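Computed from a predicted structure; not experimentally measured.
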Amino acid sequence: MRNRISDGEHERRTAEDIWLNYFNRYLRETGAISDKEFTRMTELIAARSRKQAPKRER
């Protein structure tokens, strides 16, 4: 059986990812983190998004 998440949970996770990317970008633009750190965090956020993506039936 596949794990299913509700539409509300999917929206909440999407909003979290948007905020994480926003703050990551802000930290790079203000010089708080390097470009290398920015890239690594972007990759981690994307991996988190893929891992939490809802399964779709065919």
Side-chain angles (χ1 to χ4, degrees):
M1 183 175 192
R2 295 181 180 178
N3 291 336
R4 299 307 233 156
I5 62 171
S6 67
D7 288 340
E9 179 68 13
H10 178 66
E11 288 179 14
R12 184 187 67 77
R13 291 178 182 183
T14 300
E16 285 178 358
D17 290 344
I18 290 168
W19 278 108
L20 287 170
N21 281 303
Y22 168 79
F23 285 120
N24 190 40
R25 191 170 51 253
Y26 172 81
L27 291 171
R28 184 188 62 180
E29 290 172 357
T30 59
I33 62 174
S34 67
D35 285 339
K36 183 177 179 180
E37 292 167 316
F38 169 80
T39 300
R40 179 68 178 135
M41 288 305 299
T42 301
E43 291 169 353
L44 289 171
I45 294 165
R48 175 183 181 271
S49 297
R50 285 189 303 271
K51 183 179 178 182
Q52 295 180 354
K55 304 291 185 205
R56 303 222 187 259
E57 291 186 24
R58 292 180 180 212

Tell me whether E37 is salt-bridged to R40, with the criterion being a basic N under 4.0 Å from an acidic carboxylate O.
no
Within this structure, what is the CG-CZ distance for the pair L27 and F23, rounded to the nearest 0.5 Å?
8.5 Å
Please round to the nearest 0.5 Å and tell me the distance separating atom CG of N21 and atom CZ of F38.
7.5 Å
R13 and R48: which non-hydrogen atoms are nearest, and at how many Å?
O-NH1, 4.3 Å
Short side-chain to backbone donor-acceptor contact, N24 and M41, under 3.5 Å
no
Side-chain contact test, heavy atoms from C-beta onward, threshold under 4.5 Å: evaluate it for R25 versus Y22 and give yes or no.
yes
